[in-house]
Number of protein chains: 2
Amino acid sequence: MLTNRQLQILQVIVDDFVTSAQPVGSRQISKREGITYSPATIRNEMADLEELGFLEKTHTSSGRVPSEKGYRFYVDHLLQPHMIRDEEISQIQSVFNHRIGEMEGLIRESANILSELTTYTAVLLGPDVQQHKVRKFQIVPLTEQTAVAIVVTDNGHVENRVLTLPQGFSPSDIEKMVNILNDRLIGVPLHELHIKLEAEVLSILKQHIAAAETIVQSLVDVSISQKEGKIYYGGKTNMLNQPEFHDLNKIRMLMDLMDKESQLQSLFQPNQVGIQIRIGSENNNLAMENCSVITTAFSTGDEQHGAIAIIGPTRMDYRRVVTLLEMMRSGLSNALTKH
Amino acid sequence: MLTNRQLQILQVIVDDFVTSAQPVGSRQISKREGITYSPATIRNEMADLEELGFLEKTHTSSGRVPSEKGYRFYVDHLLQPHMIRDEEISQIQSVFNHRIGEMEGLIRESANILSELTTYTAVLLGPDVQQHKVRKFQIVPLTEQTAVAIVVTDNGHVENRVLTLPQGFSPSDIEKMVNILNDRLIGVPLHELHIKLEAEVLSILKQHIAAAETIVQSLVDVSISQKEGKIYYGGKTNMLNQPEFHDLNKIRMLMDLMDKESQLQSLFQPNQVGIQIRIGSENNNLAMENCSVITTAFSTGDEQHGAIAIIGPTRMDYRRVVTLLEMMRSGLSNALTKH
DNA sequence: TATTAGCACTCCATCGAAACGAGTGCTAAC
DNA sequence: GTTAGCACTCGTTTCGATGGAGTGCTAATA
């Protein structure tokens, strides 16, 4: 167990390093208000903290830097609430006052504000479309051979896809088909759609329409190809300002990561409650070695939810980010549920 | 007018510099096959070419580097066709064999292949949605107060938006409204939609439905907020490999540019035919000082068109890119028009 | 026993000088 | 008109010297 003094010193080191990005020396610590012991004492404590794995040195005669374990301890036990300036609070509020019911714009805007206030990168994951339930099918003919299939969900989401019609597929066939689809599939969540289509609906359709098979196949394709949730960014390039990312290789890996939606999905664990913090290697991703990710989920009503993530260097201002994130989470949840 | 020898030297310098990224010296040139004069002669010619503004030095005793004017002359007069390897050709072809009629996937894939083959950044601009014509309106109710409005265009594009319904708006009102919209607006191009809505349709609707005004306003919003054309990327981070972008500031400016869709639109001049090359400052954009952009338009039938742009350093392999771009342009135009 | 002053030591960062190499411009010879 | 030769310039690399920040250890102190 750490002594009070060790706790205090660890806290000061993290706080200092977060703002300065420079290794913290004993003299520097001794000058901080609230510190009553001499540099020599602090050096002894630091040596102990290093032995315990909370601190590291960049080289033999450098000051100390928090280790991952040090950050972990800090966020678990030493995180104190952070004062957010009034203007910043009202900046966040302004997003929600704007327009209501326009989810996409709201989320997009939130990502921008968050990245601006944190100076890190904000990633917002829209609600998982796969959970939405079918409200209505529609097939609109375009030419002799093509039509566009439309699925509207109960949340107002619209999926669509151009279909190639089989030879001799008549308008009345389309009508029949749409009726059957709407009869059988309303209320089915999108992620079950392809199963229902193949297992139940296909055989029924076949009885009425000759060439139903190819079209059903296309519909199955659509429902499989849907992404989990849409991703929105704010401050994608903010990482370039962080001194630890003056290395082209790291930047490249990070940028590539952010362009790969599939990889990004793994950042989120939307089933958890509250705020999660993953530090450095806890992300299990080489590109994120020097990054921490702070995530939380927000609710959009109807058991739907989205998630917010802030990606910053491990030397991130955890206090501030956690506070901002919590404000944004509750604000978003409110704005999106009440309408 | 330049002598043949000067032309030859300019060509060699550009070709060499494009591949090596190093200033080209007289000795190096003299060793190239086809060059029969001594380094001293070449030095004299280079001094003349520099005086004429085609070459530059990075410092007093360095080799020569093409100036913007030099590149301009090169692409205008010295560009020779480039051999593309068979495997690369079939790599391009494979995109078009894949699936037909699925425009979005096709364009996305093309962007990736192009960026891979060029090692630069590919930007594809999808066809301008504003030109599409309305095929069908649809309003699907969600709750008492909300519904989703859907516009299908003759190209199979679907726009949609959640509407807040006025108090006491009944299902039969919706039906009436949809009928009038479909009566009056089919065939109208999207970019004229808001005008028609306000000028013609609004007054008719008002006669039949009390609270038509707010809904029409929402529809107007939708048709105004549509973007010009969707933008697809390939190889966004490829620029990081170019030695001229080892500068964080430049990278930042470029990345920011690419995240701003609005700015990117200005890269394209889709009304022009053939291939356009803009070199360095010709782009009128600080972030693109050291970049060249090669663009061309592809047709998607029905007077619709999209555009391709390759963004690379001014020290770009113009020969290769121009050839690849032309192949991709014709391939895309074919694939998208014939179906 | 806990704390602190003092001191030797380590390592990084910065600077300037020297050596080197690539390339030029100019002159004079071919 | 072309080229060999040479002095010169400038960037790059290397090396050692210097200074500063910070440590660990020891011995003195409260």
Side-chain angles (χ1 to χ4, degrees), chain A residues 1-10 12-17 19-32 34-67 70 243-244 246-247 315, chain B residues 1-10 12-17 19-32 34-67 70 243-244 246-247 315:
Chain A
M1 196 49 209
L2 298 182
T3 66
N4 273 341
R5 197 161 67 192
Q6 284 172 325
L7 293 178
Q8 189 183 18
I9 288 176
L10 179 54
V12 169
I13 290 180
V14 174
D15 286 341
D16 264 30
F17 185 64
T19 62
S20 73
Q22 296 297 324
V24 185
S26 55
R27 228 179 83 84
Q28 191 182 336
I29 296 177
S30 75
K31 286 200 205 135
R32 288 271 301 231
I35 301 285
T36 54
Y37 1 101
S38 76
T41 310
I42 294 170
R43 281 202 291 280
N44 287 330
E45 298 286 18
M46 290 202 292
D48 290 345
L49 284 169
E50 184 176 353
E51 213 165 307
L52 291 168
F54 295 109
L55 296 179
E56 282 169 356
K57 286 193 280 193
T58 60
H59 59 86
T60 40
S61 72
S62 75
R64 299 307 204 289
V65 159
S67 68
E244 36 268 273
H246 279 10
D247 174 341
R315 181 191 60 75
Chain B
M1 196 49 209
L2 297 182
T3 66
N4 273 341
R5 195 161 68 192
Q6 285 173 324
L7 293 178
Q8 189 183 19
I9 288 176
L10 179 55
V12 169
I13 290 179
V14 174
D15 285 341
D16 263 30
F17 184 63
T19 62
S20 73
Q22 296 298 323
V24 185
S26 56
R27 227 178 85 86
Q28 191 182 335
I29 296 177
S30 75
K31 285 200 205 137
R32 287 273 298 233
I35 300 286
T36 53
Y37 1 99
S38 75
T41 311
I42 294 170
R43 281 202 291 280
N44 288 329
E45 297 286 20
M46 289 203 294
D48 290 346
L49 283 169
E50 184 175 353
E51 213 165 305
L52 291 167
F54 295 108
L55 297 179
E56 283 168 356
K57 287 193 280 196
T58 60
H59 58 87
T60 40
S61 71
S62 76
R64 299 306 205 288
V65 159
S67 66
E244 35 270 273
H246 278 10
D247 173 343
R315 181 192 60 75

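Nothing here was measured: the structure is a model prediction, and the numbers come from that model. Throughout, a chain's letter reflects where its sequence line sits, starting with A, and its residues are numbered from 1.
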Within this structure, what is the CZ-to-P distance between A:F17 and D:dG22, rounded to whole angstrom? 13 Å

How long is the line joining CD of B:E50 and P of C:dT24, in whole Å? 10 Å

Sorted by first residue and then second, give each salt bridge (Lys or Arg N to Asp or Glu O under 4.0 Å) pair with at least one member in residues 55-65 of chain B; sequence neighbours left out. B:E50-B:R64

Look only at the side chain of B:S26 and the backbone of B:I42, and say whether a donor-acceptor pair between them is shorter than 3.5 Å. no

From the list [options], which nucleotide is the closest neighbour of the side chain of [X]?
| X | options | answer |
| --- | --- | --- |
| B:K57 | C:dT4, C:dT10, C:dT24 | C:dT24 |
| A:T60 | C:dG23, C:dA5, C:dC11 | C:dC11 |
| B:R43 | C:dG6, D:dT2, C:dC26 | C:dC26 |
| B:R64 | C:dT24, C:dC11, C:dG6 | C:dT24 |
| B:H59 | D:dC10, C:dT4, C:dC11 | D:dC10 |
| A:M46 | D:dT23, C:dT4, D:dC10 | D:dT23 |

When you measure only distances, ignoring hydrogens and angles, does the side chain of B:S61 come within 3.5 Å of the base of D:dT9 through a donor and an acceptor? yes

Rounding to 0.5 Å, atoms CD (B:Q8) and CD1 (B:I35) come to a distance of 4.0 Å

Closest to the 5' end of DNA chain D, once A:R27 and B:T36 are matched to their nearest nucleotides, is B:T36

Closest to the 5' end of DNA chain D, once B:T58 and B:P39 are matched to their nearest nucleotides, is B:P39

Does A:S26 reach a base, just sugar-phosphate, or nothing at all? Heavy atoms under 4.0 Å. sugar-phosphate

Just checking A:T41: base, sugar-phosphate only, or nothing, at a heavy-atom cut-off of under 4.0 Å? base

